[in-house]
Structure formats: C-alpha cells, structure tokens
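Everything on this sheet refers to the single structure shown next.
Quantities reported herein were computed from a predicted structural model and do not represent experimental measurements.
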Amino acid sequence: MSKIVKQTQEELKTKIIQAVQSAVSNGDLPEADIPDFIIEKPADKKNGDFSSNIAMAGARAYRKAPRMIAESIVSNLDLQGTLFEKAEIAGPGFINFYLADEYYSQILRDVVESGEDYGKSDYGKGKRVLVEFVSANPTGPMHIGNARGGAIGDCLASVLQYAGFDAQREFYINDAGNQIEKFATSLEVRYLQTCGKEIEMPEDAYHGADITEHAKNFKAEYGDKYADVPSDERRKALVDFALPQNIAGLERDLGKYRITYDKWFRESTLHNDGSVDRVISALKERGATYEQDGALWFKASEYGNDKDIVLIRANGLPTYIVPDIAYHYNKLVTRGYDKAIDVLGADHHGYVPRMKAALTALGLDADRLDIVIMQMVRLVREGETIKLSKRSGKAITLNTLLEEVPIDAARFFFNLREPNSHFDFDLELAAKQSSDNPVYYVQYAHARICSILRRAKEQGAVITEPTNDELNLLTSDEERELITHLSLLTDEIISAAKSYDPARITHYVIELATLFHKFYNAHRVVVDDKALMNARLYLCTAVKSTIYNILTMLKIEAPESM
C-alpha cells in the first residue's frame with residue numbers, strides 16, 4: 001500500500017489500542033486482554049474512510065453490549081495530530097473513522113515526490129524468482145498462444161520486480177528430443193524433394209512454409225551434396241543449418257515484442273552435462289522408481305499424481321518429462337532460485353502434478369514451483385472467429401499479428417484478462433484509435449494531462465510546489481476519488497505479484513484513466529483562482545506520473561500528444 005496509507009492504518013490501530021487502555025484505566029471498561037480486531041475500508045463511503053469492529057470483537061471480554069463498548073472507546077479516543085478528522089459510532093457498534101484533508105494532501109506529495117519509484121515496494125525483497133515463459137519449440141515461428149504467453153510472462157516479471165523481487169526472465173529452448181527428430185524428418189523430406197526425389201511428407205510432420213524455405217536455402221548453399229549421404233548425416237546437417245536460424249528468429253521476434261530474456265537455456269545442456277542421468281540416479285536411490293515391461297517407471301502416484309509415469313522407455317530413450325525434471329532441479333537447486341514460475345498453455349494441466357511429484361520425490365518443497373496456466377486465445381475480426389490451422393502452416397504468427405496490431409495494444413490486450421481465462425482478441429478494436437480501445441483510452445489520459453500542463457505554461461501559469469492549504473482545496477468527490485485510487489497502486493502491484501495476475505494492473509490503470517476523465521469533465525484545471533489551479537495542476541502531475549510508471553512497467557509507450 002502507499003506509504004501514507006500504511007502509516008495511517010498503523011497509526012489508527014495504535015490510537016484504538018490506546019483508547020481501549022485509557023477506557024480501562026478510567027474504569028469505563030473492565031480489565032481484559034484487548035481482542036483481535038480488524039480495520040477495513042467500508043464499501044460505502046457514507047460509513048467513513050475506515051471502519052473497525054473492535055467493539056463487537058470485545059463484547060465477550062468486556063461483558064458489555066458492543067454499542068456501549070464503542071461509546072467508551074470513542075470517548076477516550078485522541079485523534080489529535082493524526083490524519084483523521086473524526087470518529088462516529090454506527091449500527092450495533094461499528095466505529096467509523098473519517099480522514100482529514102491533510103491525508104489526501106500527503107498522498108499527492110508521496111506520489112509526486114516518489115516519481116518513477118511510486119508503486120514500488122520491498123514486499124519481495126531478498127527473494128530470487130525465475131519466470132520462464134513462451135519457450136516455444138524452435139521448430140517454427142511463434143503462434144498466437146506464444147504472443148499471449150509472452151505478454152503475460154514479461155509483464156508478470158515486471159510486476160514482481162516492482163514488488164521488490166529479484167525476478168529473472170528465461171526462455172527454455174527445446175533443442176533435443178522428439179520435436180527435433182520431427183523437425184529433422186520434415187527438413188529431410190523437403191530437401192530430398194528439392195533434389196528431385198519422390199518422397200511423401202509424413203502426416204504428423206511439420207508442413208509449414210518455413211520448412212520448405214529452409215530446405216530451399218540449404219539446397220542453394222549445398223546443392224545435392226547431402227542427397228545420397230546416410231540419413232543421420234543429412235538430418236544433422238539440415239538441423240545444424242536451420243535450428244540456429246530459428247532460434248535467432250525467435251530472439252529477434254521477441255525483441256520486437258519488447259521482450260528481452262536474461263537467459264536462453266538449452267535443453268541439450270542437460271543431456272550433455274549429465275544432469276538428465278543424475279536425476280534418474282537420484283530417483284532410483286530414493287526408491288522412487290521400478291522396472292516394468294523393460295521400461296523404468298516413476299512411482300508418481302505415491303507423490304500426489306494420479307498415476308505412475310514412464311521415465312525411460314524400453315528402447316532406452318528418456319521420455320520428455322526427464323529433462324524437464326532435470327531443468328527444474330537446475331532452477332531450484334543448482335541455481336538456487338527461491339521460486340520457479342512457469343507460464344504454460346492450458347494443455348499442461350496434467351503436467352503440474354507430475355512435475356510437483358518428481359520434485360517432492362527428489363526431496364524438494366514442490367511449493368517452490370508455481371505454474372501459471374494460460375488459456376488459449378481466439379482471434380476475432382468483425383465478430384467472426386478466425387480459423388487457425390497449424391498443420392497447413394497458415395496459423396497467424398506473432399509477426400503477422402504485430403503487422404496488423406500495434407505492439408502497445410498487443411501487450412495491453414493480452415493482459416486484460418487473468419491468465420486462466422479464455423480471451424477473444426478483437427483485431428479491429430486493438431487497432432482502433434478511439435476511447436473504445438482500452439490502451440488508447442489510457443494513453444490518451446496521459447497525453448491529455450501533458451497537454452493541460454503545456455497549455456497552463458503557455459498561458460503564463462507558474463506551477464510551484466503547492467502549500468498544504470492549497471492542496472486542501474481538492475475536496476470535490478471527483479478529486480477525492482482520484483487521489484484515493486492513486487493511493488492503491490502499491491497494494492495493487494503486490495496483489496498482482498501474489499496472484500501472478502498482471503491483469504490487475506491493466507484494470508487499475510483503466511480505472512485511473514476513467515477517474516481522471518471524470519474529474520476533467522467536471523472541473524476546469526486552469527482557473528482564475530491561482531491556489532486552486534496550482535493544486536489541480538499538482539493532482540494532474542501525480543496522475544500523469546502514475547500512468548507513466550504503469551505503462552513503463554508494462555513496456556507500453558506513454559505518449560505526450562495524440
């Protein structure tokens with residue numbers, strides 16, 4: 001929460017306890033331990049800015065009706081020197097507290113004086129977390145699901161950093177295993193076809209145009225050199241040619257999307273450095289495996305999964321889960337992150353209990369792994385769903401999306417819903433420059449404030465540090481609502497970090513823009529009353545700074561004119 005809000009709540013709690021102690025000393029209340037009580041913000045502003053249930057909570061201890069207890073507490077309450085104006089008793093014994101003008105003034109000062117640091121906290125201080133996201137197979141271009149995962153993962157990492165965590169971003173490159181074998185097969189068939197050989201592409205291979213392009217480029221460089229060599233040699237040459245280009249393409253496309261990773265981790269390193277073999281050995285040593293039908297099985301059902309799973313097939317090859325276990329062991333043990341956070345697609349629901357079971361079997365706290373499950377996206381244009389076909393190679397890629405939709409809109413839209421909710425991405429709306437478009441609406445609020453501040457200077461207004469008396473003039477409902485919302489940002493960022501939900505931040509900034517437009521439509525900022533104008537310009541500055549901080553956190557531009 002805002003520094004001022006936190007101080008105010010702590011101060012109120014202290015004052016309530018002191019009032020109870022005074023009531024006991026005066027004989028208004030009998031001797032008893034002070035009960036646990038809460039201080040909360042009422043849903044209805046008529047019930048004050050804060051409310052406490054101390055009188056109800058103390059009914060048994062003080063053997064009196066809550067209303068009588070409340071009267072004793074209020075009569076012994078000293079609010080002198082605090083940011084509270086008064087306290088009133090309501091209903092059966094609630095005590096409602098009303099903030100003084102000074103509270104709102106201090107909130108504004110905190111926002112403006114904190115500048116680019118407003119919203120940041122030390123909630124996660126000392127905690128190292130690794131956010132792994134996208135991690136698309138390097139066998140082809142990124143699709144629309146990767147676009148959503150990229151925006152969610154990148155913004156989540158930023159939210160965690162603002163909440164004080166040491167958060168790192170990582171891309172896991174699946175450069176080993178079955179998908180690379182399929183990639184090799186697809187390249188081999190297309191290459192041999194370019195060499196004039198009649199050979200059919202397997203149904204389950206990759207049929208995308210990118211595979212054909214790689215094969216043609218390989219042929220242009222090497223000709224028929226690999227047409228008649230052993231298949232293993234040909235496949236290796238093709239993969240060594242195409243895979244680095246695909247990985248470089250992933251990095252380039254994600255960079256265009258404003259995503260920069262701290263590390264690109266290759267699956268192949270886990271095979272090459274013995275990590276995969278060590279994980280198998282560790283599970284065996286812990287008695288977590290058994291052999292059946294020539295395969296090595298993990299007793300996953302004994303560690304929370306619904307059934308046992310194969311680790312090593314009868315042919316001696318590990319299943320995909322083994323390097324994944326080794327990878328997570330590397331994150332949590334070898335590199336010592338406090339938390340590993342994976343952003344995964346909806347088809348990974350069954351993956352979660354399997355991976356947690358494996359970590360538990362290895363003696364780790366499985367709660368150190370958190371999985372953010374992300375639902376799929378439907379692209380919509382003119383109310384119609386756009387059909388996608390991965391097999392035909394005609395799926396909309398991240399690149400084609402960004403050719404049609406501004407990057408700002410893509411990043412903002414993909415964070416409009418919590419990750420585990422289905423999402424319809426309206427291509428027309430995302431490209432629209434009007435208040436119907438939520439990112440445009442927020443950016444317009446920032447640009448409007450910049451324009452207000454420019455006009456004020458052009459008209460000769462001298463913007464100075466306002467006095468408390470000047471800030472205390474901001475008493476309208478619209479001004480108070482705006483200041484109250486500003487005070488919630490730090491709490492909102494912490495809540496988004498706790499729930500792994502960056503959508504809380506887009507919702508917050510949309511509401512902030514709405515409240516600003518509401519204020520602007522109700523009140524002129526540049527007015528003849530110099531004191532009031534100075535205060536309103538200061539309020540505008542606080543809102544502008546907060547919108548800028550949020551858009552910067554989400555890696556979205558904050559234009560000064562539109």
**Message:** Using the salt bridge (charged side-chain N to carboxylate O under 4.0 Å, His left out) definition, which of the options R169, K263, K331 pairs with E132?
**Reply:** K331

**Item:** Side-chain ion pair, E418 and R504, N-O less than 4.0 Å
**Value:** no

**Request:** Using modelled atom types only, decide if a donor and an acceptor are shared between the side chain of N437 and the backbone of A430 within a distance under 3.5 Å.
**Result:** yes

**Prompt:** Centroid-to-centroid, F265 to F171, below 6.0 Å?
**Reply:** no

**Prompt:** Do you know which two heavy atoms are closest between I373 and A346, and how far apart they sit?
**Reply:** CG2-CA, 3.9 Å

**Message:** Could you report the tightest heavy-atom contact between D49 and P42, atom names first, then the distance?
**Reply:** O-CD, 3.6 Å

**Request:** Give the C-alpha distance, both sets of side-chain angles, the deciding distance and a yes or no for side-chain contact (heavy atoms from CB on, under 4.5 Å) between F516 and E478.
**Result:** CA-CA 8 Å; F516 176 76; E478 293 81 12; over 6 Å; no

**Message:** For a 4.5 angstrom cut-off between non-hydrogen side-chain atoms, does R448 reach H517?
**Reply:** yes

**Message:** Would you compute the distance between atom OH of Y538 and atom CG of L471 and round it to the nearest 0.5 angstrom?
**Reply:** 6.5 Å

**Request:** Measure the spacing between NZ of K15 and CD1 of I39 and express it to the nearest 0.5 Å.
**Result:** 13.0 Å

**Asked** Does the side chain of L369 reach to within under 4.5 Å of the side chain of K339, using non-hydrogen atoms?
**Response** no

**Residues, nucleotides or ligands: over 12 heavy atoms within 6.0 Å of K41 NZ** = yes

**Prompt:** Below 4.0 angstrom, N of the basic side chain to O of the carboxylate: do D424 and R378 qualify?
**Reply:** yes

**Message:** If I compare all heavy atoms of Q375 with all of N420, which pair ends up nearest, and what's the gap?
**Reply:** NE2-OD1, 2.8 Å

**Euclidean distance, I483 CD1 relative to I107 CD1, rounded to 0.5 Å** = 8.5 Å

**Prompt:** Is the F97 to F50 ring centre distance short of 6.0 Å?
**Reply:** no

**Cation-pi, Y104 ring and R480 (6.0 angstrom, 45 degrees)** = yes

**Request:** Kindly check if the number of other-residue, nucleotide or ligand heavy atoms within 6.0 Å of CD (E465) is above 12?
**Result:** yes

**Asked** Donor-acceptor pair, N146 side chain versus A136 backbone, under 3.5 Å?
**Response** no

**Prompt:** Do L551 and D408 touch side chain to side chain, with heavy atoms closer than 4.5 Å?
**Reply:** no

**Message:** I'd like to know if the side chain of R536 reaches the main chain of H523, judged simply by a donor and an acceptor atom lying under 3.5 Å from each other, with no hydrogens or angles considered.
**Reply:** no

**Prompt:** Would a 4.5 Å heavy-atom cut-off, applied to side chains only, mark I247 and I173 as touching?
**Reply:** yes

**Request:** Report yes or no: does S114 contribute a side-chain atom to a donor-acceptor pair with the main-chain N or O of V111 at less than 3.5 Å?
**Result:** no

**Request:** Apply the test side chain to side chain donor-acceptor pair (under 3.5 Å) to residues D436 and Y441: give CA-CA distance (whole Å), side-chain angles for both, the deciding distance (0.1 Å), then the verdict.
**Result:** CA-CA 7 Å; D436 295 334; Y441 183 70; over 6 Å; no

**Message:** Would N472 and T467 count as a side-chain contact (heavy atoms from CB on, under 4.5 Å) here? Give the steps.
**Reply:** CA-CA 9 Å; N472 290 346; T467 64; over 6 Å; no

**Item:** Distance (rounded to the nearest 0.5 Å) between L482 CG and E479 CD
**Value:** 8.5 Å

Please tabulate, one pair per line, all N/O donor-acceptor pairs under 3.5 Å involving side-chain atoms of residues 84-92, not counting sequence neighbours.
unit_1: K86; atom_1: NZ; unit_2: E88; atom_2: OE2; d: 3.3
unit_1: E88; atom_1: OE1; unit_2: Y98; atom_2: OH; d: 3.4

**Asked** Just by modelled atom types, is the E428 backbone N or O under 3.5 Å from a matching donor or acceptor in the D426 side chain?
**Response** yes

**Message:** Check this for me: K530, atom NZ, are more than 12 non-hydrogen atoms of other residues, nucleotides or ligands nearer than 6.0 Å?
**Reply:** no

**Prompt:** Regarding T464 and N534, is there a side-chain donor-to-acceptor distance under 3.5 Å anywhere?
**Reply:** yes

**Request:** State, without any angle test, whether R109 and S105 hold a side-chain donor-acceptor pair at a distance under 3.5 Å.
**Result:** no

**Asked** Is the backbone of N47 close enough, under 3.5 Å, to the side chain of S51 for a donor and an acceptor to pair up by distance?
**Response** no

**Prompt:** Just by distance, with hydrogens left out, do D166 and Q168 show a side-chain donor and acceptor under 3.5 Å apart?
**Reply:** yes

**Message:** Which label fits F425 and F414: parallel for a plane angle under 30°, tilted from 30 to 60°, or perpendicular past 60°?
**Reply:** tilted

**Request:** May I ask you to decide whether E481 forms a salt bridge with K518, counting only side-chain N to carboxylate O separations under 4.0 Å?
**Result:** yes

**Any side-chain heavy-atom pair of V509 and F412 under 4.5 Å** = yes

**D110 versus Y118, side-chain donor and acceptor atoms under 3.5 Å** = no

**Asked** Does S52 reach the main-chain N or O of I38 with its side chain, forming a donor-acceptor pair under 3.5 Å?
**Response** yes

**Prompt:** Given T400 and T397, is the side chain to side chain donor-acceptor pair (under 3.5 Å) satisfied, shown in steps?
**Reply:** CA-CA 5 Å; T400 54; T397 65; 3.2 Å; yes

**Request:** Determine the interplanar angle of the Y440 and Y444 rings, folded into 0 to 90°, and report it as parallel if under 30°, tilted if 30 to 60°, perpendicular if over 60°.
**Result:** parallel

**Asked** Do L250 and W264 have side-chain heavy atoms sitting under 4.5 Å apart?
**Response** yes

**Message:** If you count heavy atoms of other groups shown closer than 6.0 angstrom to CG of D528, is the number above 12?
**Reply:** no

**Item:** Y162 six-ring face occupied by K120 cation (under 6.0 Å, within 45°)
**Value:** yes

**Prompt:** Between N415 and R411, is there a donor-acceptor pair closer than 3.5 Å when you use the side chain of the first and the backbone of the second?
**Reply:** yes

**Fill in**
Closest heavy-atom pair, G93 versus A70, reported as atoms and distance to 0.1 Å, is O-CB, 3.7 Å

**Request:** Any chance you could lay out the side-chain contact (heavy atoms from CB on, under 4.5 Å) test for K498 and I494, step after step, and finish with the verdict?
**Result:** CA-CA 6 Å; K498 285 180 178 178; I494 291 172; 3.8 Å; yes

**Request:** Kindly compute the distance separating CD (E492) from CD1 (I550), expressed to the nearest 0.5 Å.
**Result:** 9.5 Å

**Message:** Can a donor-acceptor pair be found, under 3.5 Å and without considering hydrogens, that links the side chain of D342 to the backbone of I371?
**Reply:** no

**Item:** Minimum side-chain heavy-atom gap L427-L401 below 4.5 Å
**Value:** yes

**Request:** Would you please indicate if the ring centroids of Y261 and F133 are separated by under 6.0 Å?
**Result:** yes

**Request:** Check the pair D262 / E170 against side-chain contact (heavy atoms from CB on, under 4.5 Å), numbers first and verdict last.
**Result:** CA-CA 6 Å; D262 297 288; E170 185 157 292; over 6 Å; no

**Message:** Keeping H446 on the side-chain end and V442 on the backbone end, is there a donor-acceptor pair under 3.5 Å?
**Reply:** no

**Prompt:** Is atom CD of Q18 surrounded by more than 12 heavy atoms (other residues, nucleotides or ligands) closer than 6.0 Å?
**Reply:** yes

**Prompt:** Do P419 and V343 have side-chain heavy atoms sitting under 4.5 Å apart?
**Reply:** no

Can you list, pair by pair, the side-chain donor-acceptor contacts under 3.5 Å of residues 552-562, counting residues two or more places apart and other chains?
unit_1: T552; atom_1: OG1; unit_2: Y548; atom_2: O; d: 2.7
unit_1: K555; atom_1: NZ; unit_2: D154; atom_2: OD1; d: 3.1
unit_1: K555; atom_1: NZ; unit_2: D154; atom_2: OD2; d: 3.0
unit_1: K555; atom_1: NZ; unit_2: R258; atom_2: O; d: 3.2

**Request:** Measure the CG-CD1 distance between L254 and I259 for me, rounded to the nearest 0.5 Å.
**Result:** 5.0 Å

**Message:** Can you confirm whether more than 12 heavy atoms, excluding those of D44, are under 6.0 Å from its CG atom?
**Reply:** yes

